[in-house]
Amino acid sequence: GAVVSQHPSRVICKSGTSVKIECRSLDFQATTMFWYRQFPKQSLMLMATSNEGSKATYEQGVEKDKFLINHASLTLSTLTVTSAHPEDSSFYICSAVGQGNEQYFGPGTRLTVT
Amino acid sequence: SQQGEEDPQALSIQEGENATMNCSYKTSINNLQWYRQNSGRGLVHLILIRSNEREKHSGRLRVTLDTSKKSSSLLITASRAADTASYFCATGPDNYGQNFVFGPGTRLSVLP
């Protein structure tokens with residue numbers, strides 16, 4: 001089956017620094033990837049839609065200048081959390097859309113900002 | 001990983017009618033979530049119901065949870081053409097949600 005990876009799986013950073021999270025589709029090309037975040041015991045919340053070769057589309061309430069998304073190739077999208085603060089601590093999950101419009105989820109990245 | 005399986009796989013109704021979708025799961029849960037997805041778009045969270053809750057409402061949505069039967073239902077009342085989408089359930093883990101596994105979803109078509 002289709003595989004999506006995320007790197008890193010866990011990251012701890014200091015307040016004010018930036019963190020980059022990578023999402024890769026390993027065995028298929030994905031023109032569209034989605035980024036979600038999840039707080040403990042909560043649902044996935046869609047943050048943005050990442051389209052290869054174009055600007056990301058952000059959901060209402062998500063700051064595009066804080067959560068920078070780059071979809072530079074058909075297999076890679078990156079999410080950079082800029083000037084991270086403790087309230088950004090969360091679980092970030094990406095998904096990549098396959099040819100049949102199905103979503104394949106990555107394993108997630110747990111970000112802790114101290 | 002947790003898994004929800006939706007039923008039916010496809011549902012077609014007239015505008016104004018109610019739509020009911022079901023979800024079954026296999027193991028004990030802390031919560032169950034319902035999402036909708038329009039074609040080519042990301043999953044949008046609709047409602048979360050915790051294991052100690054039996055029913056929850058949000059606008060035209062009503063979700064029930066029966067932990068003894070390991071099942072949940074999503075009812076959309078007075079459906080509209082804009083409700084046409086796929087609906088998925090997912091079961092919540094203890095803390096963070098690694099390895100989210102969604103079922104195939106229910107494809108709802110609301111005809112004008």
Response to the item:
Taking every heavy atom of B:Q14 against every heavy atom of B:S79, the minimum-distance pair comes out as O-OG, 3.4 Å
Worksheet item: Does atom CZ of B:R107 have more than 12 heavy-atom neighbours, drawn from other residues, nucleotides or ligands, at distances under 6.0 Å?
Response: yes
Worksheet item: Is the closest basic N to carboxylate O distance between A:E22 and A:R24 below 4.0 Å?
Response: yes
Worksheet item: By number, which residues in residues 49-86 of chain A have some heavy atom less than 4.5 Å away from chain B?
Response: A:E59
Item to complete: Find out if a path of hydrophobic residues (ILVMFWY) with successive side-chain heavy-atom gaps under 4.5 Å connects A:M45 to A:F91.
Response: no
Worksheet item: Picking from B:S72, B:S73, B:S71, what satisfies side-chain contact (heavy atoms from CB on, under 4.5 Å) with B:L65?
Response: B:S72
Worksheet entry | Where B:Y35 and B:A90 come nearest, the two heavy atoms and their spacing | CE1-CB, 4.2 Å
Worksheet item: Do the side chains of B:F88 and A:Y36 join up, straight or via other hydrophobic residues, at under 4.5 Å, putting them in one cluster?
Response: yes
Practice prompt. Kindly indicate whether the side chain of A:F105, heavy atoms from C-beta on, has any atom under 4.5 Å from the side chain of A:V4.
Written response: no
Fill in: Heavy-atom closest pair, residues A:V11 and A:P8
CB-CG, 3.8 Å
Item to complete: Could you please state which residues from residues 48-60 of chain B sit under 4.5 angstrom from chain A, measuring non-hydrogen atom to non-hydrogen atom, sorted by number, or 'none'?
Response: B:L48, B:R50
